[in-house]
Colleague: 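Before I ask anything, let me first share the structure, which is written out below as structure tokens.
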Protein chains: 2
Amino acid sequence: MSDAVERILEQWRRERPDLDVSPMAVIGRMTRAMNAAELQLTRNFSRHGLDSGSFDVLATLLRSGSPYSLSPAALADSAMVTSSAIAQRLNKLADRGLVVRSKDPDDKRGTVVTLTPEGKALVERVLPDHLATERSLIKGLGAEEQAKFMEVLGRIEANASEG
Amino acid sequence: MSDAVERILEQWRRERPDLDVSPMAVIGRMTRAMNAAELQLTRNFSRHGLDSGSFDVLATLLRSGSPYSLSPAALADSAMVTSSAIAQRLNKLADRGLVVRSKDPDDKRGTVVTLTPEGKALVERVLPDHLATERSLIKGLGAEEQAKFMEVLGRIEANASEG
DNA sequence: TATTGTTATACTCTATAACTATA
DNA sequence: TATAGTTATAGAGTATAACAATA
């Protein structure tokens, strides 16, 4: 477990008793939990020959519903990355035949990205495993605990977004 | 806030009503909170001309106490990265005169990494701001909320480490 | 001129493997 | 032979800025 965090706090208290290092406990444990969780999620993606960026694009297209088409801008917006990052993800996915790019008929500057049948089949195969991995991460947490946990996460996100 | 998460869940429920996507809410909010938090922490480091890897090394040396010396192996262990990653971080820090490498007198294969006065002064300058940033992230959370939150994080980390 | 999207370039961080020196 | 550490190399992922095409 993360008594590594407790050991670090004790070092700080010995070396800098003048500082209140208690926030390190919360942020430290959050960082460690997230790293461990990400490792599991990434591991699942790579079992299916994907990385999290690629999965994110495929899943965004799938959940947008038929005809499974979005603009690069919409994908960038959803992923909270630059359009350049999306373009590079799309290059990889298009090379593998998982998505296709076509011209937007309404605005010839625009591109329409569409899931191919292969891409749709792949993401539909990965999705149940992804959900199972996520479910295993929150195993043992009751509905109320989850709700309270999410509420606290929301406040942390809000605090961060103010700054 | 992350009603973006709620919108995503609604898309999934419409497109795949057969799947229980509720775990996505928890993991999604955790991911978003962590990303937003990391942005703040990173921003503070770069105000001081540091990145998180460099700060981590300097802080690990400082909290180890006088004479502020550790082996590269101990630093790698603490940071949970490879010795190669530590060597490269040390190259950068040594170039800037923030740490020095010397031979371990007891084992001539070994290296002793020591904080220079400049390195010590820098990390001591950054530390209060770092703690202030962390404190602002958990602003509004009572002691009990923090304790419960950390307990849940610990269980998630444990769940992840089993897998 | 503004917007959409792509590419060229560079940067950061990291791991793998080869290498040096010492035990 | 094994261990401590470094470096050479390569890979992933990203952003910034320049660019092309269209509005």
Side-chain angles (χ1 to χ4, degrees), chain A residues 31 34-35 38-39 41-58 60-61 69-96 99-114, chain B residues 31 34-36 38-39 41-58 60-61 69-96 98-114:
Chain A
T31 304
M34 195 67 223
N35 285 347
E38 261 173 358
L39 191 64
L41 297 169
T42 302
R43 204 173 271 176
N44 179 46
F45 292 143
S46 63
R47 265 195 286 272
H48 294 276
L50 286 174
D51 54 75
S52 45
S54 299
F55 175 78
D56 182 54
V57 169
L58 298 178
T60 302
L61 289 167
S69 295
L70 291 170
S71 69
L75 290 167
D77 199 49
S78 163
M80 300 194 287
V81 297
T82 62
S83 61
S84 159
I86 288 295
Q88 314 235 26
R89 290 184 189 179
L90 292 177
N91 287 344
K92 283 204 304 184
L93 292 169
D95 286 349
R96 295 177 56 189
V99 302
V100 285
R101 284 195 260 224
S102 47
K103 283 269 157 237
D104 182 341
D106 299 333
D107 182 342
K108 284 190 184 163
R109 293 173 306 180
T111 297
V112 177
V113 181
T114 304
Chain B
T31 303
M34 195 68 223
N35 285 348
E38 261 172 358
L39 191 64
L41 297 168
T42 302
R43 206 173 269 177
N44 179 46
F45 292 143
S46 63
R47 264 195 288 271
H48 293 277
L50 286 175
D51 55 75
S52 44
S54 299
F55 174 78
D56 183 54
V57 169
L58 297 178
T60 302
L61 289 168
S69 295
L70 290 170
S71 68
L75 289 167
D77 200 49
S78 162
M80 300 194 286
V81 298
T82 62
S83 61
S84 159
I86 288 295
Q88 313 236 26
R89 289 184 189 180
L90 292 177
N91 286 344
K92 283 204 302 184
L93 291 168
D95 285 349
R96 294 178 57 188
L98 301 173
V99 302
V100 285
R101 284 194 259 223
S102 48
K103 281 271 157 235
D104 183 339
D106 299 332
D107 182 341
K108 285 190 183 162
R109 292 173 307 182
T111 296
V112 177
V113 181
T114 305

Colleague: May I ask you to decide if B/Glu38's main-chain N or O and B/Thr42's side chain share a donor-acceptor pair within less than 3.5 Å?
Modeller: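 A pair under 3.5 Å: yes.
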
Colleague: Does D/dT14 have OP1 or OP2 sitting under 4.0 Å from an N or O in the side chain of A/Arg89?
Modeller: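 Checking A/Arg89 against D/dT14: at least one side-chain N or O falls below 4.0 Å of OP1 or OP2.
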
Colleague: Examine C/dG5: is either OP1 or OP2 under 4.0 Å from a nitrogen or oxygen in the side chain of A/Lys108? Give yes or no.
Modeller: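 No.
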
Colleague: Can you measure A/Asp107 atom CG to C/dG5 atom P for me and round it to whole angstrom units?
Modeller: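 These atoms are roughly 8 Å apart.
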
Colleague: Would you indicate which nucleotide in D/dG5, C/dA21, C/dA2 comes nearest to any side-chain atom of B/Arg109?
Modeller: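 Looking only at side-chain atoms, B/Arg109 lies closest to C/dA21.
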
Colleague: In whole Å, I'd like the distance from the CG atom of B/Asn35 to the P atom of D/dT14.
Modeller: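 Roughly 11 Å, once rounded to whole Å.
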
Colleague: Rounded to the nearest 0.5 Å, how far does CE of A/Met34 lie from CG of A/Leu39?
Modeller: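 Reported value, rounded in 0.5 Å steps: 11.5 Å.
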
Colleague: What's the CG-C1' distance between A/Asp51 and D/dG11, to the nearest Å?
Modeller: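 After rounding, the reported distance stands at 12 Å.
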
Colleague: Does A/Asn91 make a side-chain N or O approach to OP1 or OP2 of C/dT7 shorter than 4.0 Å?
Modeller: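 Answer yes for this pair, as a side-chain N or O of A/Asn91 is under 4.0 Å from OP1 or OP2.
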
Colleague: Could you list the residues that satisfy side chain to side chain contact (heavy atoms under 4.5 Å, CB included) with A/Arg101, not counting sequence neighbours?
Modeller: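 Listed in chain order: A/Leu90, A/Asn91, A/Thr111, A/Val113.
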
Colleague: Grab the CD-P distance between A/Glu38 and C/dT14 for me, whole Å please.
Modeller: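 The answer, rounded to whole Å, is 13 Å.
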
Colleague: Measure the distance from CG on B/Asp106 to C1' on C/dT22 and round it to the nearest whole Å.
Modeller: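 One finds 14 Å between C1' of C/dT22 and CG of B/Asp106, rounded.
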
Colleague: Rounded to the nearest angstrom, tell me the gap between atom CZ in A/Phe45 and atom P in D/dA12.
Modeller: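 Taking CZ of A/Phe45 and P of D/dA12, I get 17 Å after rounding.
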
Colleague: Looking at C/dC13, I'd like to know if its phosphate oxygens (OP1 or OP2) sit under 4.0 Å from a side-chain N or O belonging to B/Lys92.
Modeller: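 Result: yes.
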
Colleague: With nearest nucleotide decided by heavy atoms, which residue, A/Pro105 or B/Thr111, maps closer to the 5′ end of DNA chain D?
Modeller: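 Counting from the 5' end, the first nearest nucleotide belongs to B/Thr111.
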
Colleague: For B/Leu75 and C/dC13, what is the distance between atoms CG and P respectively, to the nearest whole Å?
Modeller: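 The distance from CG of B/Leu75 to P of C/dC13 comes to 16 Å, rounded to the nearest Å.
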
Colleague: Answer yes or no: is there an ion pair linking B/Asp104 with B/Arg109, defined by an N-O contact shorter than 4.0 Å?
Modeller: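 Looking at B/Asp104 and B/Arg109, the cut-off is not met.
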
Colleague: Output the residues of residues 80-88 of chain B in contact with DNA chain D, where contact means a heavy atom of the residue under 4.0 Å from an atom of the strand; sort by number or write none.
Modeller: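 Heavy-atom cutoff 4.0 Å gives B/Ser83, B/Ser84, B/Ala87, B/Gln88.
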
Colleague: Measure from CG on A/Leu93 to P on C/dG5 and round the result to the nearest Å.
Modeller: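 One finds 16 Å between P of C/dG5 and CG of A/Leu93, rounded.
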
Colleague: It should be established whether B/Arg101 places a side-chain nitrogen or oxygen under 4.0 Å from OP1 or OP2 of nucleotide D/dT6.
Modeller: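 It does, given that an N or O in the side chain of B/Arg101 lies less than 4.0 Å from OP1 or OP2 of D/dT6.
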
Colleague: Grab the two heavy atoms, one from A/Ala79 and one from A/Asp56, that are nearest each other, plus how far apart they are.
Modeller: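 Here A/Ala79 and A/Asp56 meet closest at CB-OD2, 3.2 Å.
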
Colleague: In the structure I gave you, are the side-chain heavy atoms of A/Leu61 and A/Leu75 within less than 4.5 Å of one another anywhere?
Modeller: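 Yes - at least one pair of side-chain heavy atoms lies under 4.5 Å apart.
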
Colleague: Does the side chain of B/Leu98 come within less than 4.5 Å of B/Lys92's, by heavy atoms?
Modeller: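 With C-beta onward as the side chain, the pair stays apart.
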
